[in-house]
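Below is one structure, written out as structure tokens; comments come after it.
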Amino acid sequence: LRLIVSEFSGDSTEVLYDTMERHALAGLKPEPADINIQARTAEAMLHYWALSGEEEWRELAGRILVNATWNPTSFGILAAPYNKAVNMYLRGPVLIRISGAPSGRARGFLRASLLSPLPRLIPLLSGKDIDEGEVEAEVCTTEACQLNTEDLDILAEYLEVGPDALRGGK
């Protein structure tokens, strides 16, 4: 992410460009990157902020989202990544910490996290030691934890993952 910021933001850290200035053809200046690219980069910065706690990444993502430019006539489907990034910026991420050996039951918890239709989820496999064979999931926002469970079905219900999706369909 630091490379993207240093090489694709030109003189400012508020807009991302489609090419590095030194690689632009002679006489041409880089154009602002597509809104989709700016939104996904801001979302990656928000993920990094959520995992590292480095506030500078949230601030930078906010500046990019505020200054993102696009042609309004071509907004269309490009609204989805932008809106997803703005949602994460405004409401913060939802971390799903999964503790336990990264096999067996823990895979089911990870599967439920990845299949959830809910926005802003960041699954995180924790190195927290718990009893052999046990798995625990904790769902937290930046303010508080909302669920702590050892039951996969409870996690799946909380994350709005249907039983067929969780079990791989029929």
Side-chain angles (χ1 to χ4, degrees), residues 1-5 8 13 16 33-68 70 75-131 133-170:
L1 286 176
R2 292 188 198 288
L3 174 70
I4 291 170
V5 172
F8 290 91
T13 57
L16 296 176
D34 181 277
I35 186 68
N36 187 33
I37 300 301
Q38 293 191 50
R40 292 190 186 276
T41 302
E43 186 178 5
M45 291 173 179
L46 291 167
H47 279 247
Y48 192 75
W49 160 68
L51 297 173
S52 71
E54 295 177 27
E55 190 65 28
E56 70 180 275
W57 291 107
R58 183 177 187 278
E59 293 168 7
L60 181 55
R63 287 196 306 270
I64 288 171
L65 290 170
V66 165
N67 293 297
W70 64 87
F75 191 62
I77 66 168
L78 299 179
Y82 181 76
N83 290 340
K84 185 178 175 187
V86 168
N87 186 16
M88 184 176 285
Y89 177 79
L90 294 175
R91 298 185 67 207
V94 177
L95 291 175
I96 303 170
R97 290 187 196 99
I98 302 168
S99 301
S103 61
R105 289 188 57 227
R107 286 186 183 164
F109 281 68
L110 182 59
R111 181 178 173 86
S113 301
L114 295 173
L115 288 173
S116 176
L118 299 177
R120 306 181 351 259
L121 297 179
I122 302 176
L124 178 63
L125 294 174
S126 170
K128 179 180 168 186
D129 287 334
I130 58 176
D131 293 337
E134 294 297 315
V135 177
E136 176 181 276
E138 188 175 46
V139 181
C140 303
T141 65
T142 53
E143 287 88 33
C145 291
Q146 300 166 338
L147 176 72
N148 189 332
T149 185
E150 295 177 1
D151 187 325
L152 176 57
D153 292 328
I154 291 173
L155 177 67
E157 183 179 334
Y158 185 84
L159 297 177
E160 300 179 13
V161 177
D164 287 342
L166 189 60
R167 309 279 184 251
K170 293 185 177 185

Q) Side chains of Val5 and Trp57: closer than 4.5 Å at any heavy-atom pair? A) yes
Q: Looking only at non-hydrogen atoms, find the nearest pair between Arg120 and Met88 and report the distance.
A: CA-CE, 3.7 Å
Q. When you measure from the side chain of Asn67 to the backbone N and O of Arg63, does any donor-acceptor pair fall under 3.5 Å?
A. yes
Q) Is there a side chain to side chain contact (heavy atoms under 4.5 Å, CB included) between Gln38 and Asp34 once you walk through the steps? A) CA-CA 6 Å; Gln38 293 191 50; Asp34 181 277; over 6 Å; no
Q.
Suppose we screen for salt bridge (Lys or Arg N to Asp or Glu O under 4.0 Å). Which residues come up paired with Arg97, at least two apart in sequence or across chains?
A. Glu138
Q | Sidechain N-carboxylate O distance under 4.0 Å for Arg2, Glu56 | A | yes
Atom pairs and distances, donor-acceptor, side-chain atoms in residues 152-159, under 3.5 Å, two or more places apart:
residue : atom : partner : partner atom : Å
Asp153  : OD1  : Arg167  : NH2          : 2.7
Tyr158  : OH   : Gln146  : OE1          : 2.7

**Q.** Residues forming a side-chain hydrogen bond (donor to acceptor under 3.5 Å, both in side chains) with Arg40, sequence neighbours excluded
**A.** Asn36
**Q.** Nearest heavy-atom neighbours spanning Leu110 and Pro123
**A.** CD1-CB, 3.8 Å
Q | Residues that Glu150 engages under salt bridge (Lys or Arg N to Asp or Glu O under 4.0 Å), provided they are two or more places apart | A | none
**Q.** Partner residues of Val86 under the side-chain contact (heavy atoms from CB on, under 4.5 Å) criterion, sequence neighbours left out
**A.** Leu65, Tyr82, Leu90
Q | side-chain contact (heavy atoms from CB on, under 4.5 Å) against Glu55, all qualifying residues, sequence neighbours excluded | A | Trp49, Arg58, Glu59
Q) So do the side chains of Ile98 and Glu136 get within less than 4.5 Å of each other, counting heavy atoms only? A) no
(Q) Taking the side chain as everything from C-beta on, heavy atoms only, tell me whether Pro93 gets closer than 4.5 Å to Leu46. (A) no
Q) Can you tell me how far CZ of Phe109 sits from OG1 of Thr149, rounded to the nearest 0.5 angstrom? A) 6.0 Å
Q. Would you say the side chain of Val139 lies within less than 4.5 Å of the side chain of Leu95, judging by non-hydrogen atoms?
A. no
Q: Under the salt bridge (Lys or Arg N to Asp or Glu O under 4.0 Å) rule, collect the residues that match up with Asp151, sequence neighbours excluded.
A: none
Q | Qualifying salt bridge (Lys or Arg N to Asp or Glu O under 4.0 Å) pairs, either residue in residues 42-52, two or more places apart | A | Glu43-Lys84
(Q) What I'd like to find out is whether the side chain of Ile96 reaches to under 4.5 Å of the side chain of Leu124, using heavy atoms alone. (A) no
Q. Are any of the side-chain heavy atoms of Leu115 and Arg111 separated by less than 4.5 Å?
A. yes
Q: Please examine the side chains of Ile122 and Val94, heavy atoms only from C-beta on, and report whether any two atoms are closer than 4.5 Å.
A: no
Q) What heavy-atom pair brings Ala42 and Ile64 nearest, and what distance separates the two atoms? A) CB-CG2, 4.3 Å
